[in-house]
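Model, not experiment: these values are computed from the prediction. FYI, side chains are in, hydrogens and waters are out, and symmetry mates aren't considered; it's all heavy atoms of this structure. Start at 1 and go down the list; that is how both ligands and their atoms are numbered.
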Amino acid sequence: MPALSDAQISQYHRDGIVIAPWGLDSDTVSALRAKLDRFLDEQRITDADFVPDIIERDASWLEYATRPEILDAVAQLIGPDIIVWGSALFCKSGRGGKATPWHQDGHYWPIRPLATVTVWIAIDDVNRENSCLRVIPGSHAPRKSFEHDTDHSDAIVLNQVIRSEHLQTSEPRDIELAPGRFSIHDVYLIHGANPNHSGKRRAGMVFRYMPATSVFDRELARQQVREMGVLDLSRRALHLVRGTDRSGHNDLQPSNI
Ligand SMILES: O=C(O)CCC(=O)C(=O)O
């Protein structure tokens, strides 16, 4: 299996994001595209700009989250004990739709100590033209959650928007990915995406991985719903996909893999 080099791991720690120099092969990508179309159809999803909890809707998505070519890279960054606690599609049709506001994921995630990597896997060719993910490199470095405002506008996929003064640190970087390639980003990294007006679909699938030394705190999740009106994460299934629950406090969903 390929592995991240020391330079790529250093880049991840410096920038808060790294693009793996390998990806899913083309047969897997074709199967993934067919599965995506089938899934949207079966679930009658017409607005796919943001579809959370795809594993909870259909457990077969877990197969992609646990592929060795992805999990091995995750283990290099967060260690050998790994819980998958989140999954989503960001499938932006190309006919306008929603922006992803600038935000830090960790601001509304109930994990303590706060630690998670997100793997963002390109299903389509994803580039600046069709509004790829954009990040502020290095913005994770203070390991601090910055102030966000709550905004319930329909024009954005998420109701937490970071205050603009926190965006000044460096120029945004476009994360362009060929189909099957993936990036891995840190829980504190500031990121977002423009609406996609390109006429070309931009589909990505994400999986969230926490080290099993941290705890997924369901009571904190309920508090975050009350305080910020965010998506309720309190009933998320936790899939231990490698190692053991080192914290001893995560109520795990028995894994079927
Ligand atoms: O792909 C997007 O537009 C947003 C992705 C994102 O915010 C995330 O993966 O945390």
Side-chain angles (χ1 to χ4, degrees), residues 12 15-20 32 36 45 47-55 61 64-65 70 73-74 77-78 84-111 114-137 139-140 145-146 148 151 153-162 166-167 172-179 181-198 200-210 224 228 230-231 233 236:
Y12 173 81
D15 295 348
I17 188 162
V18 66
I19 297 176
L32 189 50
L36 169 66
I45 296 170
D47 171 5
D49 284 14
F50 172 48
V51 183
D53 297 334
I54 56 172
I55 292 175
W61 288 105
Y64 292 96
I70 292 173
V74 169
L77 300 175
I78 64 170
V84 175
W85 68 270
S87 57
L89 291 169
F90 290 93
C91 180
K92 302 192 177 174
S93 68
R95 299 184 297 273
K98 297 175 185 168
T100 303
W102 290 111
H103 68 284
Q104 288 172 300
D105 295 326
H107 174 67
Y108 58 97
W109 284 355
I111 295 162
L114 185 54
T116 283
V117 297
T118 291
V119 173
W120 201 109
I121 304 161
I123 299 175
D124 297 323
D125 209 348
V126 171
N127 49 45
R128 191 185 172 90
E129 188 198 349
N130 64 0
S131 300
C132 59
L133 188 69
R134 307 184 81 203
V135 307
I136 310 281
S139 54
H140 69 304
S145 194
F146 298 118
H148 289 59
D151 178 346
S153 156
D154 269 352
I156 50 181
V157 295
L158 166 81
N159 70 4
Q160 295 299 304
V161 185
I162 201 164
H166 303 303
L167 298 175
R173 181 185 300 164
D174 292 318
I175 305 299
E176 299 193 311
L177 297 168
R181 298 290 296 275
F182 62 94
S183 61
I184 311 178
H185 69 256
D186 181 85
V187 66
Y188 285 101
L189 186 72
I190 301 174
H191 58 285
N194 292 323
N196 177 13
H197 295 285
S198 68
K200 293 185 190 136
R201 192 182 74 171
R202 172 283 223 192
M205 160 175 82
V206 303
F207 298 112
R208 324 277 193 194
Y209 303 84
M210 60 183 256
Q224 291 174 329
M228 294 184 268
V230 290
L231 192 67
L233 304 178
R236 281 289 165 89

key: atom 3 (O) of ligand 1: nearest protein contact (heavy atom, Å)   = T100 OG1, 2.7 Å
query = For ligand 1, which part of R134 has a heavy atom less than 4.0 Å away: the side chain, the backbone, both, or neither?
reply = neither
ask   = Thinking salt bridges, do D174 and R128 make one under a 4.0 Å N-O criterion?
value = yes
message = With no hydrogens and no angle check, just 3.5 Å: does a side-chain donor-acceptor pair link R208 and T116?
response = no
task = Using a strict 4.0 Å cut-off to heavy atoms of A193, name the atoms of ligand 1 that fall inside it.
result = 3 (O)
inquiry  = I'd like to check which ligand 1 atoms, numbered from 1 as shown, lie under 4.0 Å from a non-hydrogen atom of K92.
reply    = 3 (O)
ask   = Which ligand 1 atoms does L133 reach within 4.0 Å, using its non-hydrogen atoms?
value = 4 (C), 5 (C)
message = Pair H103, V161 - check side-chain contact (heavy atoms from CB on, under 4.5 Å), show working.
response = CA-CA 5 Å; H103 68 284; V161 185; over 6 Å; no
remark   = Quick note on ligand 1: atoms under 4.0 Å from a heavy atom of H103 include exactly 7 (O)
request  = Sequence neighbours left out, what passes ring-ring contact (aromatic ring centres under 6.0 Å, His included) with H140? Give chain and number order.
outcome  = none
ask   = In terms of ring plane angle, is the pair H191 and H185 parallel, tilted or perpendicular, where the classes change at 30° and 60°?
value = tilted
query = Does a salt bridge link D53 with R236, judged by any charged N lying under 4.0 Å from a carboxylate O?
reply = yes
ask   = Taking only heavy atoms of D105, which atoms of ligand 1 are found under 4.0 Å from at least one of them?
value = 10 (O)
ask   = Between the side chains of D105 and H107, does any donor sit under 3.5 Å from an acceptor?
value = no
key: Option with minimal heavy-atom separation from atom 5 (C) of ligand 1, where the choices are F90, W102, F207, W109   = F90
ask   = Non-hydrogen atoms of R202 versus ligand 1: any pair closer than 4.0 Å?
value = yes
query = Considering only heavy atoms of V206, which atoms of ligand 1 have at least one such atom less than 4.0 Å away?
reply = 9 (O)
request  = Indicate, as side chain, backbone, both or neither, the part of W120 found under 4.0 angstrom from ligand 1 when only non-hydrogen atoms are considered.
outcome  = side chain
Could you list the donor-acceptor pairs under 3.5 angstrom formed by side chains in residues 94-101, with sequence neighbours left out?
from	atom 1	to	atom 2	distance (Å)
K98	NZ	D47	OD2	2.9
T100	OG1	K92	NZ	2.6

ask   = Can you find an N or O of T118 that's nearer than 3.5 Å to an N or O of ligand 1?
value = no
key: atom 9 (O) of ligand 1 [closest protein heavy-atom partner, distance rounded to 0.1 Å]   = R208 NH1, 3.1 Å
request  = Before giving the answer on side-chain contact (heavy atoms from CB on, under 4.5 Å), spell out for Y209 and L77 the whole-Å C-alpha distance, their side-chain angles and the decisive distance to 0.1 Å.
outcome  = CA-CA 10 Å; Y209 303 84; L77 300 175; over 6 Å; no
